[in-house]
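The sequence lines fix the lettering, A, B, ..., with proteins before strands; numbering per chain opens at 1.
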Amino acid sequence: MKLKFLLTEADYLNEGSTIRLTGKDEKGRTVSILVDFEPYFYVLPNRIDSKIKEKILGIKEPKVKRIEEVEKIIGSEKKKLLKIFTFHPQDVPKIRDAIKDFPEIGHENCFEYSINFYRRYLIDNQFSPGEWFEADVEGGKAKKIRKTAPKKTKLKAMAFDIETYEEGPETKIIMVSIYGSLKKVLTYKESSYPDYVEVLKGEKELLERFVKLVKKEDPDVIYGYNSDSFDFTLIKERAEKNKVKLDVSRDGSELKFTRRARISSAEIHGRVHIDLFGFISNILSAQLQTEVLGLGEVSSEILGDEKLEMQLEEIFECWRKGNVAKLAEYCLKDSELTYKLGEFLLPQILELSKLVGQTPFDVSRMTYSQIVEWYLSKRAFATNRIIPNQPKFEEIKERRMRSPYVGGFVKEPIEGLHKNIAVLDFRSLYPSIIASHNISPETLNCNCCKGEKVPELEYNFCKKKKGFVSAVIEEIIKKRIEIKKKLRSKFDEKIHLEEKALKITANATYGYFAFPGSKWYCFECAQSSAAWGRFYIRKIIKEAEKEGFSVIYSDTDSVFLTSDKIKEKTKKFLTKINKSLPGIMELELQGFYNRGIFVSTRVGKGAKKRYALIDEKKNLTIRGFETVRRDWCNLAKEVQRNVLKFVLEKDDAQGAVSYVKDIVEKIKQRKIEMKDLVIYEQLTKQIKDYEQIGPHVIAAQKMKQRGESVGPGMIIMFVIKKGSGSISQRAEPFESVSVEDVDTDYYVNNQIVPAAMRVLSVLGVTEDGLKGEGKQMGLKRFGV
DNA sequence: CCGCTACGGGG
DNA sequence: GGGTACGTAGCGG
């Protein structure tokens with residue numbers, strides 16, 4: 001029998017040494033096939049002869065299956081090794097343990113003994129989940145599996161979310177929602193509900209119903225948000241307590257947790273459980289504006305959709321007071337957002353799986369470094385190289401202790417307002433450097449040639465032989481360029497995502513070199529990449545100045561230039577500079593801006609980047625200003641934003657000053673709305689546990705005294721009241737204060753004026769100029 | 001300045 | 001058990 005399927009999952013069965021591949025065929029049917037595979041690892045004895053082979057074959061518990069002699073590349077040398085096959089995957093570490101103390105071998109000469117069996121299978125066959133396969137199946141086992149042309153199939157997805165309630169020492173699940181082809185909320189308190197709510201008898205029945213619905217809906221993919229560490233952890237706990245069998249899988253097995261670095265992952269055989277929070281915090285967060293990675297913040301940014309508003313305490317209140325319909329609506333909305341985020345992100349996850357060659361379950365939980373490492377592992381096998389061993393704990397500790405090296409070059413901004421700005425940056429600076437200068441662990445200080453010296457450092461990299469990592473990166477870059485060309489002629493979402501996966505992987509390699517847990521760790525490689533980066537950006541700065549540009553600011557891989565005839569001059573400059581750069585490196589135009597304001601802020605050692613730009617279409621780009629932080633009141637944030645607008649849109653600092661003075665006046669006359677003065681800060685622990693008592697803690701204490709329940713996670717909304725005592729002592733929950741009682745001086749001096757001054761101080765405005773009555777202030781002139 | 005602890009997401 | 005823990009803000013010393 002022949003089966004064609006999209007591979008979505010790989011694992012192995014404990015008995016025997018059998019890999020199980022799971023996927024989906026063209027007609028949407030689930031495919032699960034078994035295939036035999038032999039576990040093995042490598043050793044490098046000081047001499048290969050019959051004596052050492054006999055010694056290894058003589059190990060009794062467990063027995064070695066057979067030995068092969070193989071040739072593999074270790075570092076930059078070809079070596080003869082022994083490939084030791086075992087009967088069971090679990091035997092590999094045991095036999096390695098027995099061998100590692102052989103004087104002819106030793107610890108550091110055992111290789112690839114800790115690669116999960118199913119991962120080993122994927123690597124050795126160069127098979128990637130997300131690709132299509134054809135299998136010849138006989139007697140329940142696949143005889144032959146090969147890649148085949150991609151077909152179409154739709155993965156059926158479902159999202160879920162739970163609500164909980166603390167009853168004494170126990171946390172109970174009070175509600176579960178699912179969202180997919182079926183939209184449903186399960187709970188166990190009678191109320192008048194919309195028809196998507198189903199009322200069960202209790203928690204046990206709720207869990208049983210949940211299991212039944214998952215099986216009935218039979219999704220291929222299950223999305224949750226923080227579901228590894230919260231939802232499924234609690235579901236498992238409560239299922240054990242209530243003696244409910246959690247056989248939500250496709251093979252009758254129960255939900256199980258697999259141990260991982262920090263967070264255990266909830267695994268459901270036959271269904272890909274994706275905890276979106278993991279992928280978002282590990283990978284996506286770098287591309288997001290929001291600092292807070294809650295479901296609400298992320299949905300709002302990615303989907304433009306919001307959570308229903310409900311404070312933590314309200315959830316409990318809804319349950320206590322029986323307003324469960326509202327809670328059901330809230331819970332379902334969370335599942336809906338999770339579902340939509342999942343559908344948005346799954347194609348990206350599958351594309352990464354395809355590239356890296358590991359399962360979407362694993363890839364969605366990987367960090368940047370792990371993505372790079374598994375991709376390198378796949379390429380290492382393809383190029384007949386040994387995968388280096390994971391560093392031991394002691395080694396990691398030592399690597400951590402290494403003093404940090406010099407990073408990117410930062411040219412402090414020329415403070416003030418500038419006009420006619422061009423922003424240029426290097427396309428993938430570090431990957432291009434790694435590829436063009438052959439930066440790789442095996443090419444560092446090679447002994448085959450003199451090599452190429454790194455600027456500022458006493459290292460050389462080989463000029464004759466391509467290094468492994470540098471070659472892999474070069475492949476990625478070339479593939480990316482090719483894909484980009486294709487995309488320019490015809491846009492295709494799939495290909496676009498493939499391009500993004502390549503970009504993610506290439507860009508992470510520089511950081512990977514310096515990551516203490518790396519198998520291909522190379523501190524000198526990271527140092528050298530950074531040194532070359534500084535060399536190139538300095539070169540750009542120098543050349544730009546020679547061409548008559550004024551360099552306003554530069555950081556690592558970008559320069560901010562200004563001059564007259566900016567567009568014309570920039571285009572000429574780019575053409576000229578790109579001719580002088582090594583083939584793969586390219587300086588690109590990021591954009592032109594009409595105006596920009598730059599502020600230099602020294603915080604301890606490092607300077608923080610703070611600038612704002614406006615382009616021809618009046619789009620604002622704001623970096624480093626506090627317009628988004630919640631510990632500033634809305635009015636302060638609004639004032640800062642408007643001040644930026646005055647300055648950038650109209651080049652009108654004088655107007656900005658009048659505007660701020662007007663606001664200050666309004667505050668003094670209390671012609672202001674309370675909601676604009678409220679400051680939001682989150683309680684992160686119980687009130688009594690605070691030693692450093694900030695204003696929000698004081699406000700929370702006052703709320704508690706009034707009988708309101710306050711606890712961790714709650715966002716305290718407070719204002720500062722007039723009177724005596726420190727500012728903190730005068731923090732009050734905002735509902736209990738009227739505009740007449742707020743401390744206007746505080747809002748003027750500690751909120752509005754500082755927020756405005758962040759922008760205006762570089763234009764020569766003084767604090768007194770903002771507060772005082774009509775005093776004229778001198779405005780400095782900046783720019784060209 | 002340094003070292004340690006607790007947090008993140010979820011409810 | 002084909003093994004194990006992340007990066008960092010914010011506090012206290």
#### Entry: A:Arg400 (side chain) and C:dG7 (base): donor-acceptor pair under 3.5 Å
no

[N] [atom2] sits how many Å from [X] [atom1], rounded?
X        : N      : atom1 : atom2 : value
A:Asn226 : B:dG9  : CG    : P     : 9 Å
A:Met366 : C:dC6  : CE    : C1'   : 16 Å
A:Phe41  : C:dG2  : CZ    : C1'   : 10 Å
A:Arg260 : C:dG1  : CZ    : P     : 13 Å
A:Leu234 : B:dG11 : CG    : C1'   : 9 Å
A:Phe316 : B:dG10 : CZ    : C1'   : 11 Å
A:Leu337 : B:dG11 : CG    : P     : 11 Å
A:Leu293 : C:dG7  : CG    : C1'   : 13 Å

## Note on the structure
Checking B:dG9, B:dG11, C:dT4 against the side chain of A:Phe393 (C-beta onward), the nearest is C:dT4

### Message
Looking only at the side chain of A:Phe515 (C-beta and beyond, no hydrogens), which of the listed nucleotides C:dG7, C:dG2, B:dG8 gets closest?
### Response
C:dG7

Looking across every strand, which nucleic acid part, if any, lies under 4.0 Å from [X] by heavy atom: base, sugar-phosphate, or nothing?
X        : value
A:Leu295 : sugar-phosphate
A:Asn389 : nothing
A:Arg259 : sugar-phosphate
A:Lys172 : nothing
A:Tyr40  : base
A:Asn116 : sugar-phosphate

### Message
With a 4.0 Å limit, can you tell me whether A:Lys397 has a side-chain N or O closer than that to the phosphate oxygens OP1/OP2 of C:dT4?
### Response
no

### Query
Counting just side-chain N and O atoms, does A:Tyr118 come under 4.0 Å of either OP1 or OP2 of C:dG2?
no

### Message
I'd like the P distance from B:dG9 over to C:dT8, given in whole Å.
### Response
14 Å

### Query
What residues form a disulfide (SG to SG under 2.5 Å) with A:Cys522, not counting sequence neighbours?
A:Cys525

### Task
On the 0 to 90° scale, with breaks at 30° and 60°, tag the A:Tyr121-A:Phe127 ring pair as parallel, tilted or perpendicular.
perpendicular

### Message
Please list, in numerical order, the residues of residues 157-171 of chain A that have a heavy atom closer than 4.0 Å to any atom of DNA chain B.
### Response
A:Asp161, A:Ile162, A:Glu163, A:Thr164, A:Glu166

Name all residues meeting the salt bridge (charged side-chain N to carboxylate O under 4.0 Å, His left out) criterion together with [X]; count only those two or more places apart in sequence or in a different chain, and write none if there are none.
X        : value
A:Lys340 : A:Glu336
A:Glu309 : none
A:Glu314 : A:Lys326

### Summary
Residues passing the side-chain hydrogen bond (donor to acceptor under 3.5 Å, both in side chains) test with A:Arg399, sequence neighbours excluded, are A:Glu395

### Message
Less than 4.0 angstrom from a charged side-chain N to a carboxylate O is my criterion; do A:Glu313 and A:Arg320 meet it?
### Response
yes

### Message
Quick one about A:Tyr118 and A:Arg20 (side-chain donor to acceptor, distance below 3.5 Å, no hydrogens or angles considered), yes or no?
### Response
no

